[in-house]
Amino acid sequence: MDLSVYDPASLPDLLPLYYRRLFPFYQYFRWLNYGGVVKNYFHHREFSFTLKDDAYVRYQSFNNQSELEKEMQKMCPYKIDIGAVYSHKPSLHNTVKSGTFQAQEKELVFDIDMTDYDDVRRCCSSADICPKCWTLMTIAVRILDRALAEDFGFQHRLWVYSGRRGVHCWVCDDSARKLSQAERSAVAEYLSVVKGGEETIKKVQLSDPIHPFIGKSLKMVERYFEKYALVDQDILENKQCWDKVVALVPEVARENLLREFSKARSSVERWDKLSSCLEATVKDLRRHSNIPKEIMLQFCYPRLDVNVSKGLNHLLKSPFSVHPKTGRISVPIDTKKLDQFDPFSVPTISLICSELDNVCKKEDDQDSSGEGEPEAKKRTRDYKRTSLAPYIKVFEQFLDKLDQSRKGELLSKSDLKKEF
């Protein structure tokens with residue numbers, strides 16, 4: 001049997017090895033402990049485990065890395081979710097006085113799922129993805145990452161592939177973790193442009209003048225629009241397709257537009273006809289210039305699950321959790337190489353276990369001198385021998401920046417004290 005090919009039935013056999021030898025516990029604890037600056041910060045964090053046969057265990061909490069490690073190795077969760085930092089230890093939530101167990105802090109999080117784009121992608125639907133529609137996730141990360149950094153000043157943004165069909169963002173700045181529910185809602189609303197459910201035909205309405213945030217987002221969309229929407233998705237390929245676009249323009253322009261579309265031979269040609277048709281039929285110059293922009297945003301702008309971002313006590317899938325259906329590890333994304341990120345090349349649990357198995361066999365054959373090494377050192381060495389290594393490196397670089405920022409803040413505070 002080829003271990004490197006993922007079979008969901010093999011997951012119960014692979015998870016013990018993954019949690020024992022490959023899961024990056026040291027880096028994981030380093031992240032969620034935030035330097036141990038705030039007492040009990042890690043102790044009061046909620047973890048949730050989904051076990052075999054969808055058994056769901058909430059309100060898990062641990063005093064240190066060792067406790068977390070032992071419990072995860074014992075329970076071998078199929079999925080790990082991370083929740084808020086509470087007023088009390090989540091494992092003791094049933095023992096505290098009613099109403100006093102409250103979520104106090106959590107990273108500001110964003111969840112973007114490809115299924116929310118099903119009305120505007122033609123290549124796939126539901127849980128399926130392909131390189132053509134993955135461009136939507138690339139656009140989403142580019143737009144939101146720029147806004148979080150430049151418009152809100154957040155420095156520590158961890159982008160993570162979900163393992164199947166989407167991406168998550170963890171904003172880890174101290175100021176972001178302290179945001180109230182109302183403040184989180186305000187950030188999420190600011191970033192939301194596509195609005196309305198399945199019954200809403202026109203989901204983007206631009207104001208005049210266009211907000212600078214929308215203007216910058218449009219520049220990002222324009223970079224990808226022709227290749228993604230007009231070539232790969234071919235959104236104006238035939239009448240059935242272009243009727244969806246025509247429904248987004250004012251009624252006065254539709255007849256002329258349909259006539260021009262029928263003469264053109266490709267989506268690119270038809271898109272070029274759009275502006276000239278609108279110019280000829282829509283008297284309000286500003287209005288007609290906004291319509292193509294609204295269409296581009298409706299087809300390409302990030303679609304946020306706003307409720308995930310708003311709620312303090314909302315759980316989100318943890319980095320380095322395994323997706324049970326695909327076997328892929330939920331890995332950090334290097335935003336400097338975003339266009340090169342390929343979800344299909346993300347390692348599966350079966351691949352990395354197979355890689356480790358092959359290395360161990362070679363070492364046994366060579367009578368390796370690695371025997372007697374401490375378990376922690378061996379584990380550090382283990383993941384470095386697999387395809388997981390570059391993704392853990394991205395995570396470590398993120399953690400290094402967090403540490404530097406924290407040290408800088410502590411130095412600033414001590415300097416201020418000296419002045420007084």
Side-chain angles (χ1 to χ4, degrees), residues 2-11 13-15 17-19 21-25 27-28 31 50 76-82 109-117 121 123-124 126-142 144-145 157-170 302 316-359 382-399:
D2 185 358
L3 270 177
S4 64
V5 178
Y6 179 68
D7 173 7
S10 67
L11 196 58
D13 300 321
L14 297 172
L15 284 170
L17 179 63
Y18 177 62
Y19 289 125
R21 297 188 62 178
L22 294 166
F23 189 93
F25 284 107
Q27 294 87 343
Y28 193 73
W31 169 38
T50 305
C76 289
Y78 275 47
K79 182 182 171 218
I80 308 156
D81 287 295
I82 299 173
V109 294
F110 298 93
D111 180 8
I112 303 141
D113 194 309
M114 194 73 86
T115 51
D116 293 326
Y117 294 84
R121 60 180 182 141
C123 51
C124 307
S126 190
D128 294 330
I129 62 164
C130 73
K132 285 182 179 180
C133 56
W134 186 258
T135 304
L136 288 166
M137 294 295 119
T138 304
I139 296 169
V141 175
R142 287 218 180 277
L144 298 176
D145 197 58
R157 308 166 311 277
L158 179 67
W159 285 94
V160 181
Y161 170 50
S162 71
R164 191 176 197 184
R165 59 175 185 253
V167 292
H168 302 149
C169 180
W170 300 77
L316 186 64
K317 185 182 184 180
S318 167
F320 300 103
S321 192
V322 181
H323 197 292
K325 295 264 175 29
T326 64
R328 297 199 189 281
I329 313 295
S330 187
V331 293
I333 297 169
D334 185 352
T335 52
K336 294 189 192 79
K337 298 175 184 173
L338 188 58
D339 286 319
Q340 286 83 54
F341 181 81
D342 176 10
F344 299 100
S345 68
V346 168
T348 60
I349 185 172
S350 45
L351 175 68
I352 59 175
C353 287
S354 169
E355 288 170 340
L356 185 62
D357 189 49
N358 290 336
V359 169
D382 283 344
Y383 78 75
K384 286 185 176 177
R385 300 152 160 202
T386 72
S387 304
L388 197 58
Y391 300 99
I392 294 180
K393 190 176 181 183
V394 171
F395 191 40
E396 287 176 332
Q397 288 166 348
F398 169 78
L399 295 174

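For this chain, numbers begin at 1 and follow the sequence in order. Since we're looking at a predicted model, the values are computed, not measured.
- For C124, the side-chain contact (heavy atoms from CB on, under 4.5 Å) criterion is met by R121, D128, C130, C133, not counting sequence neighbours.
- Side-chain contact check for V394 versus I333: every heavy-atom pair is 4.5 Å or farther apart.
- Side-chain contact between L316 and W170: present, with at least one pair of heavy atoms (C-beta onward) separated by less than 4.5 Å.
- Looking at every heavy atom in both residues, T386 comes nearest to D382 through CG2-O, 3.6 Å.
- For Y18, the ring-ring contact (aromatic ring centres under 6.0 Å, His included) partners two or more places apart in sequence, or in a different chain, are F23.
- Between the side chain of E355 and the main chain of R385, no donor-acceptor pair closer than 3.5 Å is present.
- What you find for T326 and G163 is that their closest heavy atoms are OG1-O, 2.7 Å.
- Note that CH2 of W159 is 10.5 Å distant from NE2 of H168, once rounded to the nearest 0.5 Å.
- Salt bridge absent: D81 and K317 never bring a charged side-chain N and a carboxylate O closer than 4.0 Å.
- Between Y391 and S345, the shortest heavy-atom contact is OH-O, 3.9 Å.
- Considering CG of L22 and CG of L15, their distance stands at 11.0 Å, rounded to 0.5 Å.
- The CD1 atom of I352 sits 4.0 Å away from the CD1 atom of I329 when rounded to the nearest 0.5 Å.
- The two residues W134 and G166 make their nearest non-hydrogen contact at CH2-O, 3.9 Å.
- Considering only residues two or more places apart in sequence or on other chains, D113 meets the side-chain contact (heavy atoms from CB on, under 4.5 Å) condition with T115, D116, R165.
- With sequence neighbours left out, the side-chain contact (heavy atoms from CB on, under 4.5 Å) criterion links P324 to L11, Y78.
- When all heavy atoms of P77 and Y19 are compared, the pair lying nearest together is O-OH, 2.7 Å.
- Residues satisfying the ring-ring contact (aromatic ring centres under 6.0 Å, His included) test with F320, not counting sequence neighbours, are F395.
- Pairs passing the side chain to side chain donor-acceptor pair (under 3.5 Å) check and including a residue from residues 329-339, sequence neighbours excluded, read R142-D339, Y224-D339.
- Closest heavy-atom contact between V346 and V331: CG1-CG2, 3.8 Å.
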- side chain to side chain contact (heavy atoms under 4.5 Å, CB included) assessment of Q27 paired with F398: CA-CA 10 Å; Q27 294 87 343; F398 169 78; over 6 Å; no
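- Residues passing the side chain to side chain donor-acceptor pair (under 3.5 Å) test with W31 are Y34, sequence neighbours excluded.
- For the atom pair I82 CD1 and S321 OG, the distance stands at 9.0 Å (nearest 0.5 Å).
- Every side-chain contact (heavy atoms from CB on, under 4.5 Å) that T348 has, sequence neighbours left out, goes to Y6, R328, S350, L351.
- In this structure, the salt bridge (Lys or Arg N to Asp or Glu O under 4.0 Å) partners of D145, at least two apart in sequence or on a different chain, are R157.
- For the atom pair CG (L136) and CE (M114), the distance works out to 5.5 Å, reported to the nearest 0.5 Å.
- Residue pairs meeting the salt bridge (Lys or Arg N to Asp or Glu O under 4.0 Å) criterion with at least one partner in residues 386-396, sequence neighbours excluded, do not occur; the list is empty.
- L158 places a side-chain heavy atom less than 4.5 Å from the side chain of P332.
- Partners of K132 under the salt bridge (Lys or Arg N to Asp or Glu O under 4.0 Å) rule, at least two apart in sequence or in another chain, do not exist in this structure.
- Residues satisfying the side chain to side chain donor-acceptor pair (under 3.5 Å) test with H323, not counting sequence neighbours, are none.
- The distance from atom CD1 of I139 to atom CD1 of I112, rounded to the nearest 0.5 Å, is 11.5 Å.
- With ring centers used as reference points, Y161 lies under 6.0 Å from F341.
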